[in-house]
Amino acid sequence: MFRQFRKEVIKVLGDYGEERFVRESEHADLCSTVAFKLAKEKKRKPSEIAEEIISSLEFSDVEYVGKVEAVNGYINFYANYEFLEDTVNLILDSDENYGSFKMDGAGNVLVEHTSANPDGPLHIGHIRNSIIGDTLARMFRKAGYEVKTHYYVNDMGRQIAIACLGYERFGIDENKKPDHAIVEAYIKMNREIEGKPELEEEVEKLMLDYERGEERAVRLFREVVEHALKGIGETLHRLNISHDEYVWESSFVRNGYVDRVIEMLEKAGMLKEEDGALVINMKRFGYEKDVVVRRKNGTTLYVTRDLAYHLWKNENFENFVNVLGADHKLIGRQLQDVLKALGLKPPEIVFFEFVSLPEGSMSTRKGQFVSADELVEKVCEEARKIVEKREDLNGEEKEEIAEAVAVGALRYDFVRIAPEKPMTFDWSKALDFERQSSAYIQYSHARACSILRKAVKEGMPEIEFSAELCTPEERKLVMLMSKFSWVVEKCIRSLRPNAFADYLMDIAAAFNDFYSKNPVIKAEGEVRMHRLAIVDACRIVLRNGLELLGIRAVEKM
RNA sequence: GGACCCGUAGCCUAGCAUGGACAAGGCGGCAGCCUCCUAAGCUGCAGAUCGCGGGUUCAAAUCCCGCCGGGUCCGCCA
């Protein structure tokens, strides 16, 4: 709805309706700063120009633009009663579909995220990737895109070869979750290898065998990778994250895409030979060093397979977005430049900065990490302690709520931080469920449900929103709720989902403010009907918003 | 050495794309609110040289240059 209001404001402004001057404001529903720009050209006061523009506005074709006023050079726009009424009614009518819209140019999109090496469990750094990626995928769907998600499995890495040797040599603990069992073998093998060139050679040979498709290697790799992925999948599932497909890196060696991409590079004249290896000349793109795509022994490299993967993406999708750690910045940009030079579409990449521990950075190889499983379990325990105090809930409900609150807290803590911001993991913050946490939003939703339950108990309530009855808190809440799709659109355009986390928090806060000042059940007549409509609308918005963040909206807590 | 990212109250963060109305929240601190729709809540108070220095502009947290601090990357690894 807000998107429409904004379009109307731009229309009303006519020749002065340049998008970039129309913005949100604390002082009005929308404002334009165009008078400031014109003031310079015309050498006159912004306030005078603003007044003049207002008197020239044409309101014939618009439904929702109400009051307009000039204040200190700003042109302030307010939505009218009809807008508020249509917003609330649209929310109530569209229910679970509220917030869905068709973004300009929405087509299909492939979101590749997580893609952690299958040599052990996901840790809190990987989770940041998963949460950003999964949330973006949900947002694309909300914006009318057809979305597929991929987990790109790096099954050809040295790490995996080491894990395989460890698996073969030491076996694994079958009682443990499979990813945790694999990482034990991996860490042990890493220690074993240190300073032993003969073992190094064995690793090299195993990798070579795997690339060549030799039976023993293929079987071993598959076993280890599938084991690890099974555990990783379970972790993701608990976080409400799933992938449509796990795409194995090695498949591009076997299906010919690697050969095809090398051929394309060759034809484009981008390759040269150096000591028997094939190399892309990167100096022309401004890079210091070149990129090897085929070793002298004929085997390929990570970047070669990634190029092949993106050739495949070009053939199957209109848009593709990758979520990658900041350590991939250089290689990611090189990939984009090479693809462009080949006339292919490069992926859009969301880079996120690292999550470190107070004691330093994490390392799977050294076993220095906080696993996602451990994190969820601890947060869940903490949530149980609080839920335990509730007397009106049974055991099953309590467990369900604790799980929803824990997963929510986790997802929210990661998604609310802008991707480019480095994070230091802090247990005390992870275990805090007050304010600025998803529990606050879930609580607000549960309160809305509770008010409605009570109203139903007292007899089937009639609900009807009347804009002219709105108190300031109510108007503010409705305006906020109208912005749902607008905020989603902003997040997609910038590929940064954090703005939505803030937005939903604002709604929850506005709802709390509303019901603490405006009694609902105790109100009578049309005021009661009006407030019940707001509560129900807010319940829907909070639930849909939480869903968009992959967080369960529980009805009691 | 080169490249990229981050630096906003004691602490964590939003705002930076498109410069504009008093820099917005939360945690922690202090003072209040449960005979009243769930206190995982609400209200109020205190707390900021927006890392530092220049520049552009009528106007800079936001743009440009330099510096400082933290992180990351610069393999015939992935």
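Each chain gets a letter, A, B and so on, in the order the sequences are listed, and its residues count up from 1.
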Tell me which nucleotide among [options] gets nearest to the side chain of [X].
X: A/R496; options: B/G15, B/A78, B/U38; value: B/G15
X: A/K329; options: B/U8, B/C4, B/U72; value: B/C4
X: A/Y440; options: B/C22, B/G41, B/C76; value: B/G41
X: A/I417; options: B/C27, B/A14, B/A40; value: B/A14
X: A/F354; options: B/U72, B/C6, B/A21; value: B/U72
X: A/D327; options: B/U38, B/C73, B/C42; value: B/C73

Taking the P atom in each of B/C6 and B/G15, what is the distance between them to the nearest angstrom? 11 Å
Please enumerate all residues that pass side chain to side chain donor-acceptor pair (under 3.5 Å) together with A/E18, with sequence neighbours excluded. A/R20
Ring centres under 6.0 angstrom apart (A/Y246, A/W248): no
For [N], which nucleotide is its Watson-Crick or G-U wobble mate, given both distances must be under 3.5 Å?
N: B/C27; value: B/G10
N: B/C33; value: B/G41
N: B/C4; value: B/G71
N: B/U62; value: none
N: B/U56; value: none

Short side-chain N/O contact from [X] to OP1 or OP2 of [N], under 4.0 Å:
X: A/R435; N: B/G26; result: yes
X: A/K289; N: B/C73; result: no
X: A/K389; N: B/U38; result: no
X: A/S516; N: B/G41; result: no
X: A/R20; N: B/A17; result: no
X: A/Y287; N: B/C73; result: no

Hey, are A/K385 and A/E382 close enough for a salt bridge, meaning a charged N less than 4.0 Å from a carboxylate O? yes
Kindly indicate whether the side chain of [X] and the base of [N] share any N or O donor-acceptor pair separated by less than 3.5 Å?
X: A/R390; N: B/U38; result: yes
X: A/D119; N: B/A78; result: no
X: A/S25; N: B/A21; result: yes
X: A/Q436; N: B/C12; result: no

Expected label for B/C63 (glycosidic angle, syn inside 90° of 0, else anti) would be anti
Just how far, in rounded Å, is P of B/G25 from CG of A/D502? 12 Å
Just list the side-chain donor-acceptor pairs under 3.5 Å for residues 446-460 of chain A, sequence neighbours left out, or say none.
{"unit_1": "A/R447", "atom_1": "NH1", "unit_2": "A/Y443", "atom_2": "OH", "d": "3.0"}
{"unit_1": "A/R447", "atom_1": "NH1", "unit_2": "A/Y515", "atom_2": "OH", "d": "3.1"}
{"unit_1": "A/R453", "atom_1": "NH1", "unit_2": "A/E555", "atom_2": "O", "d": "3.2"}

